[in-house]
Amino acid sequence: MENTQINHEVTFKIMILILRITKKFNELEKMSIDIGSDEKLYPSELHVIDSVANNYGNSVTEMSKKFGITKGAVSQVVNKLFDKGFLKKDKKHGNAKEIVLSLTEKGEKAFYIMDEVHKQMEEGFFGYMEGIEEEKLESFIEIMGKIEEFIDTFLKHELL
């Protein structure tokens, strides 16, 4: 019986911590980053630029799958970036319906700035993680994977 109580308390603490972290990540997603020339881009826009620059996805369909969001949501961000002059749209050879995205010179500059910001963030994060044993970090990754699987069951309505 005591083991069940401990597990309940521990899982409750984990859930609360995840909620707090999620809220903070959501706040980060609302913050814009100054990329110079009095222009700011939001993380969703920077994710698209990063995806195109690194060939993780250069079409709305590929990015929709990568980010796990609707094509409509990706299209909105892509269109904003196109209108602001960060992206080019070209028809795919052999398939006039499919649009292939690439960065403009302005988009490449934004990617470079974003890449530098990411490097600074990573260095800071590594500093916070320094001293934590690798086995603990591996366990954390495993636990987070389990939590993601559990949340996926709710999203699929398997536990409701």
Practice item. Scan for side-chain hydrogen bond (donor to acceptor under 3.5 Å, both in side chains) pairs involving residues 68-86, sequence neighbours excluded, and state none if there are none. Key: Glu45-Lys84, Asn79-Lys89
Check your understanding: Heavy atoms, side chains only, cut-off 4.5 Å: are Met121 and Val117 in contact?
Key -> yes
**Study point:** Note, Phe67 side chain near Ser44 side chain (heavy atom, < 4.5 Å)
**Key:** no
Check your understanding: Cluster question for you: counting only ILVMFWY and a side-chain heavy-atom cut-off of under 4.5 Å, with indirect links fine, are Ile18 and Val10 together?
Key -> yes
Practice item. Could you tell me whether a side-chain N or O of Asp50 sits under 3.5 Å from a main-chain N or O of Leu46, the two making a donor and an acceptor? Key: no
Practice item. State yes or no: do Leu103 and Met114 share one hydrophobic cluster built from I, L, V, M, F, W and Y residues joined by side-chain heavy-atom distances below 4.5 Å, directly or via other members? Key: yes
Check your understanding: Is there a side-chain contact between Ile143 and Phe140, using heavy atoms and a 4.5 Å cut-off?
Key -> no
Exercise for review: Answer with yes or no after comparing the ring centroid distance for Phe86 and Phe82 against a 6.0 Å cut-off, counting only values under it.
Suggested key: no
Check your understanding: Do Phe125 and Glu122 come within less than 4.5 Å of each other through their side chains, counting heavy atoms only?
Key -> no
Check your understanding: Does a side-chain heavy-atom distance below 4.5 Å link Ile33 with Leu41?
Key -> no
Point to revise | Basic-acidic side-chain contact under 4.0 Å: Glu9, Lys13 | key: no
Point to revise | Atom pair CD1/CE of Ile14 and Met144 - distance to nearest 0.5 Å | key: 9.5 Å
**Study point:** Where Thr11 and His8 come nearest, the two heavy atoms and their spacing
**Key:** OG1-O, 3.1 Å
Check your understanding: Is Lys106 atom NZ crowded by more than 12 heavy atoms from other residues, nucleotides or ligands, each under 6.0 Å away?
Key -> yes
Review point. Is it the case that one hydrophobic cluster holds both Leu81 and Ile113, taking links as side-chain heavy atoms less than 4.5 Å apart, direct or via other members?
Key: yes
Check your understanding: How many angstroms lie between NZ in Lys66 and NE2 in His47, if you round to the nearest 0.5 Å?
Key -> 8.0 Å
Check your understanding: Any chance CD of Glu116 has more than 12 other-residue heavy atoms, nucleotides or ligands included, within less than 6.0 Å?
Key -> yes
Study note, to complete from the structure: One should read off an interatomic distance between Ile21 CD1 and Asn26 CG, to the nearest 0.5 angstrom, of 12.0 Å
Exercise for review: Flag yes if Leu28 and Tyr128 sit in one hydrophobic cluster, no otherwise; membership is Ile, Leu, Val, Met, Phe, Trp, Tyr, and two members link when side-chain heavy atoms are under 4.5 Å apart.
Suggested key: no
Practice item. Following the transitive rule for hydrophobic clusters with a side-chain heavy-atom cut-off under 4.5 Å over Ile, Leu, Val, Met, Phe, Trp and Tyr, establish whether Leu87 and Ile69 coincide in one cluster. Key: yes
**Study point:** Ile99 and Val60, any side-chain heavy atoms less than 4.5 Å apart
**Key:** no
Check your understanding: Relative to the ring of Phe150, is the ring of Phe154 parallel (under 30°), tilted (30 to 60°) or perpendicular (over 60°)?
Key -> perpendicular
Check your understanding: From Tyr112 OH over to Asp115 CG, what is the distance, rounded to the nearest 0.5 angstrom?
Key -> 8.5 Å
Check your understanding: Do NZ/NE/NH1/NH2 and the carboxylate oxygens of Glu27 and Lys30 come within less than 4.0 Å?
Key -> yes
Practice item. Would you give the length of the straight line joining atom CD1 of Ile147 to atom CG of Asp152, rounded to the nearest 0.5 angstrom? Key: 12.0 Å
Practice item. First locate atom CG of Leu101, then atom CG of Asp90, and finally report the distance between them rounded to the nearest 0.5 Å. Key: 8.5 Å
Exercise for review: Return yes if some donor-acceptor pair links the side-chain N/O of Ser32 with the main-chain N/O of Lys40 below 3.5 Å, else return no.
Suggested key: no
Point to revise | Heavy-atom pair of closest approach, residues Ala110 and Ile49 | key: CB-CD1, 4.2 Å
